[in-house]
*Asks:* 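Next up is a structure, given as structure tokens.
Just so you know, these numbers come straight off a predicted model, no measurement behind them. Values reported hereafter were calculated over all heavy atoms of this structure, with side chains retained and with hydrogens, waters and symmetry mates removed. Chain letters run A, B, ... following the sequence lines, proteins first and then strands; every chain starts at 1.
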Amino acid sequence: MPDRTHMDREREKLDRDLLDMGTRVEEQIEKARRAMRELDAELAREVKEGDRAVDALQIALGDRVAVVIATQAPVAQDVRELIAALKMADNLERAGDHAVHLAKAVKKFAEEPPFRQVERLDRMAAAGSAMVRGAVDAYLARDPQAARRVAAMDDAIDGEHKALVEEVLTLMRERPEQAERAAKLLSTSGFLERLGDHVTNACEAVVFMVEGRHVDLNE
Amino acid sequence: MPPAVKISVRDLDLWYGSVQALRKVGADIASRSITALIGPSGCGKSTFLRTLNRMNDLIEGVRVEGVVEYEGSSIFAPGADVIELRKRIGMVFQKPNPFPMSVYDNVAYGPRIHGSPSRRAADRRALDEIVERSLEQAALLEEVKDRLHKPALGLSGGQQQRLCIARVLAVEPDVLLMDEPTSALDPISTSKIENLLEELKKRYTIVIVTHNMQQAGRVSDAVGFFLHGELVEYAPTKEVFFNPKDKRTEAYISGRFG
């Protein structure tokens, strides 16, 4: 293919935008993890504020895609890439929201007594962060197999979530006075479980972009 | 139920002298649908179009092998009536080419020389009806009803092209072949013709050659992509534009060559 088209240049910009967005979301999750481990309320506040930048990137990317569609009339893989970019950005934005949920829980978990389940939350968030990086890499490499491998990482998050729910139910029965704080464990774990699902959706967008078909990687 | 096949082409080869312009082309063209033929200049799409009503017979040194069936009968069969074939399968050209006569006479020309659709055509009233119906179907009647007996060459380019479509419709064809019918027209006229095609496909089978990818995407039901005389890909339009099977199709429709 001899010539670089206008679309090729747009693609490079979109790739940069998505890389930027993915990096920020990953940083947000990592920062929320650290805030959780170190019970650092200031760091947690930074995560909450950092979400605005993620949202702004998503909106800017959506606008860019709209202009490309309106002016370039893209077809075939070009148009699928644009749709996939939108889906990637939407799901990354949602993943970023869940980093905020994790940060917001820090205050509750800072109270006594400490919950050992926080370690499970940390493992879930670590997996989620790795998935975000993997999904963006798969997008940039146009690699559906890599996307499938990343989506498979969600099983670990789901496993942690299930185990945590069991443990917390026991905890609530045995120490009803801790039920309110324990409920925060449940909801936070639920958010991190959703984070994994959103990155899985992003992986599905990569498969769709390259292979032109819809797959369900969330099984 | 799959749509009925109007024209069936198999293993079609065509040479201009020693130059092969079509290579083993095969396609079933569905009845009452719009098929768009796309591809870079010289790829064979117009040659293919002209083969369907044997317009290529008029060119010196053309040799054809293979099968083209219209409603199940070979158009190359000995004794096939070429005049009748061209009446059934009409052609609209790139540049509007009205005859230097009135709007009315342009449309009435075919029925008069064919003596069709029946002897009643000789009857003035019947001819009036054919002209009116044809102009109506070509979405031109409203614009020219007060100037039917004025020169056709006084119409705008877009009106002239719709007049040429009306002229073809007047002989009651079944298939319309169109060779880049809007490439000489402005966007408004192009849009009128495209809307017209949507209407016409309810009654007619349409095959259109176009260099305008968006037009192919907008109006057609199926797309055939030609390259170096081969029909590289022939599939429903949404498949070709959303997920083409052949990398060459993808490159061409994405504007990466041609």
*Asks:* With sequence neighbours excluded, give me every salt bridge (Lys or Arg N to Asp or Glu O under 4.0 Å) pair touching residues 22-48 of chain B.
*Replies:*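 Of all non-adjacent pairs touching residues 22-48 of chain B, those that pass salt bridge (Lys or Arg N to Asp or Glu O under 4.0 Å) are B/Asp13-B/Lys24.
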*Asks:* Please indicate whether A/Arg37 has more than 12 foreign heavy atoms, meaning atoms of other residues, nucleotides or ligands, lying under 6.0 Å from its CZ.
*Replies:*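 Counting neighbours around CZ of A/Arg37, more than 12 heavy atoms of other residues, nucleotides or ligands fall under 6.0 Å, so yes.
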*Asks:* Is it true that, when you exclude B/Arg88 itself, more than 12 heavy atoms of the residues, nucleotides or ligands shown sit nearer than 6.0 Å to its CZ?
*Replies:*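 Yes.
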*Asks:* How far does CZ of B/Arg256 sit from CG of A/Asp8, to the nearest 0.5 angstrom?
*Replies:*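 The CG atom of A/Asp8 is 4.5 Å from CZ of B/Arg256, to the nearest 0.5 Å.
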*Asks:* Check this for me: B/Glu142, atom CD, are more than 12 non-hydrogen atoms of other residues, nucleotides or ligands nearer than 6.0 Å?
*Replies:*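 Counting neighbours around CD of B/Glu142, 12 or fewer heavy atoms of other residues, nucleotides or ligands fall under 6.0 Å, so no.
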*Asks:* Within residues 209-245 of chain B, which residues come under 4.5 Å of chain A, heavy atom to heavy atom?
*Replies:*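 Residues in range: B/Gln214, B/Phe241, B/Phe242, B/Asn243, B/Pro244.
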*Asks:* Kindly give the heavy-atom pair with the smallest separation between A/Ala76 and B/Ile253, and that separation in Å.
*Replies:*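 Heavy atoms only, the tightest pair is CB-CD1, 4.0 Å.
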*Asks:* For the side chain of A/Gln77 and the backbone of B/Glu250, is there at least one donor-acceptor N/O pair under 3.5 Å apart?
*Replies:*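 Such a contact is absent between A/Gln77 side chain and B/Glu250 backbone.
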*Asks:* Just checking heavy atoms, which of residues 79-90 of chain A are less than 4.5 Å from chain B?
*Replies:*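 So far as heavy atoms go, A/Val79, A/Arg80, A/Ile83 are the residues that approach chain B to under 4.5 Å.
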*Asks:* Using side chain to side chain contact (heavy atoms under 4.5 Å, CB included) as the criterion, list what pairs up with B/Arg50, not counting sequence neighbours.
*Replies:*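 If we apply the side chain to side chain contact (heavy atoms under 4.5 Å, CB included) test to B/Arg50, skipping adjacent residues, the hits are B/Tyr16, B/Ser46, B/Thr47, B/Met55, B/Asn56, B/Ile59, B/Met91, B/Asp179.
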*Asks:* Does A/Lys104 NZ have over 12 foreign heavy atoms under 6.0 Å away?
*Replies:*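 Not more than 12 within 6.0 Å, no.
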